[in-house]
There are 2 protein chains.
Amino acid sequence: MSITIKDIARKLNISYATVSRALNDRYGVDPHTREKILKAAREMNYLPNAIARGLVNQQTETIGLVIPDITNPFFPEVALGIEDRAGEEGYSVFLCNTNWEQDRELRYLSLLREKRVDGIILAPVSGKTPSNREYDRVEAPLVFVSEARRGMGKSYVTIDNVQGGCIATEHLIRKGYTRIGFFGAAEDELTSGERYQGYAKALRDAGMQEREKYVRFGDYRTNTGSRLITELIGNGD
Amino acid sequence: MSITIKDIARKLNISYATVSRALNDRYGVDPHTREKILKAAREMNYLPNAIARGLVNQQTETIGLVIPDITNPFFPEVALGIEDRAGEEGYSVFLCNTNWEQDRELRYLSLLREKRVDGIILAPVSGKTPSNREYDRVEAPLVFVSEARRGMGKSYVTIDNVQGGCIATEHLIRKGYTRIGFFGAAEDELTSGERYQGYAKALRDAGMQEREKYVRFGDYRTNTGSRLITELIGNGD
DNA sequence: ATGAAAGCGCTAACAG
DNA sequence: CTGTTAGCGCTTTCAT
């Protein structure tokens, strides 16, 4: 057992409430007593117990980050930013890898609730959404990254994929290309779908025909990507 | 406030001690009562409070993972494995990014201690070690990954870098190459240093001369890598 | 088999 | 300014 607030109170012959006050910068503590307390705390290597504190404060200074795959280069970038910013505010972040599995996402959500995190950032598994009820269960603030179904009453920060697909396609058109294809990750995935819309829109706006044989969807979960790309490129026409 | 063990006890008109026992599969609970309790818990959407539980059990089912940079492709791989295995045992993992900064590593160490994690896995910032005292302070099991100074009485799992450098060099020698260079990350970094030793050993064993101009150290923290490689390759001789 | 009560470490009224 | 007390939600003796 490590040293507690009581230990330092006992040593100084004062009530531990006072110690708590001093340690938390609460007003109403004699400057002199405060000094003594701080000094003792330092000497005794006192380290506050975040668990106990969390229990009474109903706040853990902790958030959960739920992502599909930390190994996918997109997510470390996201995680870094989040962890960094969270750290500045004294928050810790739980890393949860769903491995693109829906039920794992759900299990993590409830584990994080048990752990009483103050908030959750979620990059949902693509495809069919769990009933929103599952998301609504979580009492802490829940915000989506990377993917999000708009209008479900939750905050999200995502990429404007339609716009992105559009810009990319327009760029190629401007460059003079005429046989422009689209390769998306998975058809049932939001990101790909939205980018495809942008692609199609750009083509349409330019009065160009979309050619079906140039449009392909794979499944990054099973890594069909490279095969499809090869096929696409080899598609002389 | 979410629903607690007391709520379900009150509803069933039993003591909450019994509820706790039932919920934790403790023996000595009437099968029938147990059923009632489990059922009520389910209906009331009871979710145990891991914080409270942690306080009394002195165990949080949580570990800390401290790494230099989640953005460096090596670490996500490590993180994935750890998180996955931890998850199987019902443990959560805190992700801590030191950004290669020594004092940040130290701060995280103490933050994790406050959070009362059950263990810490640490990929230390390269270079000068903080006094081992800092590492010894942590009362939870601390194990090193990626880098570790042997013989400091801590567990570690690392790569045999000397062997690695040796094998790579031997491979090139066997292929018939004669101008074999070594490019390491940072000179004061253990990994690079060890690999270099392997490189030198292989050369020595093959009776080959190590040529100084083929040996370079950069600093991946400042990304001097690509520049140095170009320089190295361009080094006609 | 079940209940009463103490206690994990800490904060927050409420009194003095 | 400081001490006493209750309580956060839960587990665990100790009785019954």
Side-chain angles (χ1 to χ4, degrees), chain A residues 1-38 40-41 44-62 90 110-111 113-118 139-140, chain B residues 1-38 40-41 44-62 90 110-111 113-118 139-140:
Chain A
M1 212 85 338
S2 37
I3 114 133
T4 81
I5 224 177
K6 282 188 182 172
D7 295 320
I8 111 157
R10 190 157 32 230
K11 184 176 181 205
L12 266 37
N13 260 309
I14 57 184
S15 86
Y16 59 91
T18 302
V19 177
S20 172
R21 281 190 276 257
L23 257 23
N24 288 290
D25 266 336
R26 293 282 176 287
Y27 66 100
V29 180
D30 181 283
H32 182 248
T33 332
R34 168 191 306 277
E35 258 330 300
K36 271 199 330 203
I37 294 175
L38 263 32
M44 303 174 74
N45 273 315
Y46 170 75
L47 209 57
N49 184 326
I51 298 301
R53 192 176 269 176
L55 186 57
V56 31
N57 287 344
Q58 303 281 36
Q59 205 198 324
T60 55
E61 317 255 89
T62 286
S110 103
L111 183 59
R113 295 203 295 141
E114 287 191 17
K115 290 259 164 65
R116 293 314 194 254
V117 297
D118 296 337
E139 36 285 283
Chain B
M1 213 82 341
S2 36
I3 113 135
T4 81
I5 223 177
K6 282 189 183 173
D7 296 321
I8 111 159
R10 189 158 31 230
K11 182 176 181 205
L12 265 39
N13 260 309
I14 57 184
S15 87
Y16 59 92
T18 302
V19 176
S20 172
R21 281 190 276 255
L23 257 24
N24 289 291
D25 265 336
R26 294 281 176 285
Y27 66 100
V29 179
D30 181 282
H32 182 247
T33 334
R34 170 191 305 278
E35 258 329 299
K36 271 197 331 199
I37 294 175
L38 263 32
M44 302 174 73
N45 274 313
Y46 169 75
L47 209 59
N49 184 325
I51 298 301
R53 191 175 268 175
L55 185 58
V56 31
N57 287 343
Q58 303 281 39
Q59 204 198 324
T60 54
E61 315 258 86
T62 286
S110 102
L111 183 58
R113 294 204 295 140
E114 289 191 16
K115 290 258 164 66
R116 293 314 193 254
V117 296
D118 296 338
E139 37 285 283

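The sequence lines fix the lettering, A, B, ..., with proteins before strands; numbering per chain opens at 1. Just the heavy atoms: all of them, side chains too, but no hydrogens, waters or symmetry mates, feed the values below.
- When rounded to the nearest whole Å, the span between OH of A:Y16 and P of D:dT5 equals 10 Å.
- Among the nucleotides D:dC1, D:dC10, D:dG3, the one closest to any side-chain atom of B:T4 is D:dC10.
- B:I37 places its CD1 atom 14 Å from the C1' atom of D:dC10, with the value rounded to the nearest Å.
- Remark: P of D:dT13 and CG of B:N57 are 11 Å apart, rounded to the nearest angstrom.
- The residue A:R21 sits close to a base: some heavy atom pair falls under 4.0 Å.
- Rounded to whole angstrom, the span from the CD1 atom of A:I3 across to the C1' atom of C:dC8 amounts to 16 Å.
- The phosphate of D:dT11 has neither OP1 nor OP2 within less than 4.0 Å of any side-chain N or O from B:R26.
- When the side-chain nitrogen and oxygen atoms of B:N24 are compared with OP1 and OP2 of D:dT11, one or more of them lie within a distance under 4.0 Å.
- If you check every strand for non-hydrogen atoms under 4.0 Å, A:V29 touches sugar and phosphate atoms only.
- The side chain of B:S15 places an N or O atom within less than 4.0 Å of a non-bridging phosphate oxygen (OP1 or OP2) of C:dG3.
- From B:L12, atom CG reaches atom CE of B:M44 across 8.5 Å, with rounding to the nearest 0.5 Å.
- As judged by a 4.0 angstrom heavy-atom cut-off over every strand, B:S20 is placed among the base-contacting residues.
- Among the protein residues, A:I51 comes within range of no part of the nucleic acid, since none of its heavy atoms lies under 4.0 Å from any strand.
- Between the side chain of A:N57 and the backbone N or O of A:Q59 there is no donor-acceptor pair closer than 3.5 Å.
- Rounded to an integer number of Å, the gap from A:D7 CG to C:dC8 C1' is 13 Å.
- Atom CG of residue B:L47 and atom CG of residue A:L111 lie 9.0 Å apart, to the nearest 0.5 angstrom.
- At whole-Å resolution of the value, NZ in B:K6 and P in D:dT11 are 13 Å apart.
- Both B:P31 and B:A17 sit near DNA chain C, but only B:P31 has its closest nucleotide nearer the 5' end.
- Counting non-hydrogen atoms under 4.0 angstrom, A:Y46 reaches the backbone sugars and phosphates but no base.
- With no hydrogens or angles considered, no side-chain donor-acceptor pair links B:S2 and A:R113 at under 3.5 Å.
- Regarding B:E139, its CD atom lies at a distance of 13 Å from the P atom of C:dG9, rounded to whole Å.
- Nearest-nucleotide positions on DNA chain D place A:Y27 closer to the 5' end than the other of A:Q58 and A:Y27.
- Side-chain N/O atoms of A:T33 include one lying less than 4.0 angstrom from OP1 or OP2 on D:dT2.
- Closest-nucleotide positions on DNA chain C for B:N13 and B:L55 were compared, and the one nearer the 5' end corresponds to B:N13.
- OP1 or OP2 of C:dG9 has not a single side-chain nitrogen or oxygen of A:R53 nearer than 4.0 Å.
- The shortest side-chain heavy-atom distance between A:D25 and A:R34 falls under the 4.5 Å cut-off.
- Under a 3.5 Å cut-off, the side chain of B:T60 and the backbone N or O of B:G54 do not form any donor-acceptor pair.
- Rounded to whole Å, the distance from CD on A:E114 to P on D:dG9 is 15 Å.
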